Amino acid sequence: QVQLVESGGGLVQAGGALRLSCAASGQSWDIESVGWFRQVPGKERTWLATIQMSYGTMYYSDSVKGRFTVSANDDKKTFFLQMNDLKAEDTAKYYCAARSGGGWSEKAMQYDYWGRGTQVTVSS
């Protein structure tokens, strides 16, 4: 089992930046990739970015490419989502998720472990 805890959310003005963290505990050595998602009430969870541990490769959705950066600590127990040039439409609850299987995915259902999320609110 892997436990994930997000932190770093908050209220920020449009154009500002936030850095979200995701701390992994438990069988964190089993993590192959970590994805970041966000969700607004009444809508499905949307994939934003993934970092694949084996190759250090990062993948981004078109909506955040160039503004968001995903990274991991060398110990691969803490993961980050740096969010720059935030916009009002980035307002959502943000989740990190870990996948133990090989490869990576944009699909929420293919992630095995989830944090409880952290709220990000961008004021215009």
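Hydrogens, waters and symmetry mates are skipped; everything else that's a heavy atom, side chains included, is used. Bear in mind that the values here come from a model prediction, so they are computed numbers and not experimental data.
Rounding to the nearest 0.5 angstrom, the gap separating the CD1 atom in Ile51 from the SG atom in Cys22 is 11.5 Å. Atom CG of residue Leu4 and atom OG of residue Ser21 lie 12.5 Å apart, to the nearest 0.5 angstrom. Rounding to the nearest 0.5 angstrom, the gap separating the NZ atom in Lys107 from the CZ atom in Phe37 is 11.5 Å. With rounding to the nearest 0.5 angstrom, the OH atom of Tyr113 is 10.5 Å from the OG atom of Ser28. Note that CD1 of Ile31 and CD of Gln52 are 13.5 Å apart. Values are rounded to the nearest 0.5 Å. Here the NZ-CH2 distance, from Lys76 to Trp29, works out to 14.5 Å after rounding to the nearest 0.5 Å.
The six-membered or imidazole ring of Trp104 lies near that of Tyr59, with a centre-to-centre distance under 6.0 Å.
In this structure the side chain of Leu18 reaches within 4.5 angstrom of the side chain of Val120, judged on heavy atoms. The shortest distance between side-chain heavy atoms of Trp36 and Thr50 does not fall below 4.5 Å. In this structure, the side chains of Leu20 and Met83 come closer than 4.5 Å at one or more pairs of heavy atoms. Glu32 has its side chain within reach of Ser54: a pair of non-hydrogen atoms, C-beta onward, lies under 4.5 Å apart. No side-chain heavy atom of Ser61 sits under 4.5 Å from any side-chain heavy atom of Glu106. Using a 4.5 Å heavy-atom cutoff, the side chains of Val70 and Val34 are not in contact. Between Leu81 and Arg19, the closest side-chain pair of non-hydrogen atoms is not below 4.5 Å. Two residues are said to be in side-chain contact when any heavy atoms from C-beta on lie closer than 4.5 Å; Phe79 and Asn73 fail this criterion.
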Please test Gln82 against Phe68 for side-chain contact (heavy atoms from CB on, under 4.5 Å), starting from the C-alpha separation and ending with a verdict.
CA-CA 5 Å; Gln82 176 67 43; Phe68 291 11; over 6 Å; no
Applying side-chain contact (heavy atoms from CB on, under 4.5 Å), run through Lys93 and Thr118 and close with a yes or a no.
CA-CA 5 Å; Lys93 194 165 188 179; Thr118 185; over 6 Å; no
Show your reasoning for whether side-chain contact (heavy atoms from CB on, under 4.5 Å) applies to Arg38 and Ser63.
CA-CA 12 Å; Arg38 67 187 178 193; Ser63 64; 4.2 Å; yes
For Arg99 and Gln110, run side-chain contact (heavy atoms from CB on, under 4.5 Å): C-alpha distance rounded to whole Å, both residues' side-chain angles, the deciding distance at 0.1 Å, then the answer.
CA-CA 7 Å; Arg99 172 182 160 91; Gln110 294 189 356; 3.4 Å; yes
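Looking at Thr91, its side chain does come within 3.5 Å of a backbone N or O of Ala88 through a donor-acceptor pair. Checking side-chain atoms of Gln39 against main-chain N and O of Glu44 turns up no donor-acceptor pair under 3.5 Å.
For the pair Lys87 and Asp90, the salt-bridge criterion is not met [side-chain N within less than 4.0 Å of a carboxylate O].
The minimum heavy-atom distance linking Val2 with Ala24 is given by the pair CG1-CB, 4.5 Å. Nearest heavy-atom pair across Ala49 and Tyr60 is CB-CD2, 3.6 Å.
A cation-pi arrangement is found for Arg45 relative to Trp114, the charged atom lying closer than 6.0 Å to the ring centre and inside a 45° cone about the ring normal.
Hydrophobic clustering keeps Phe80 apart from Met53 (ILVMFWY residues linked when any side-chain heavy atoms are closer than 4.5 Å, directly or through intermediates).
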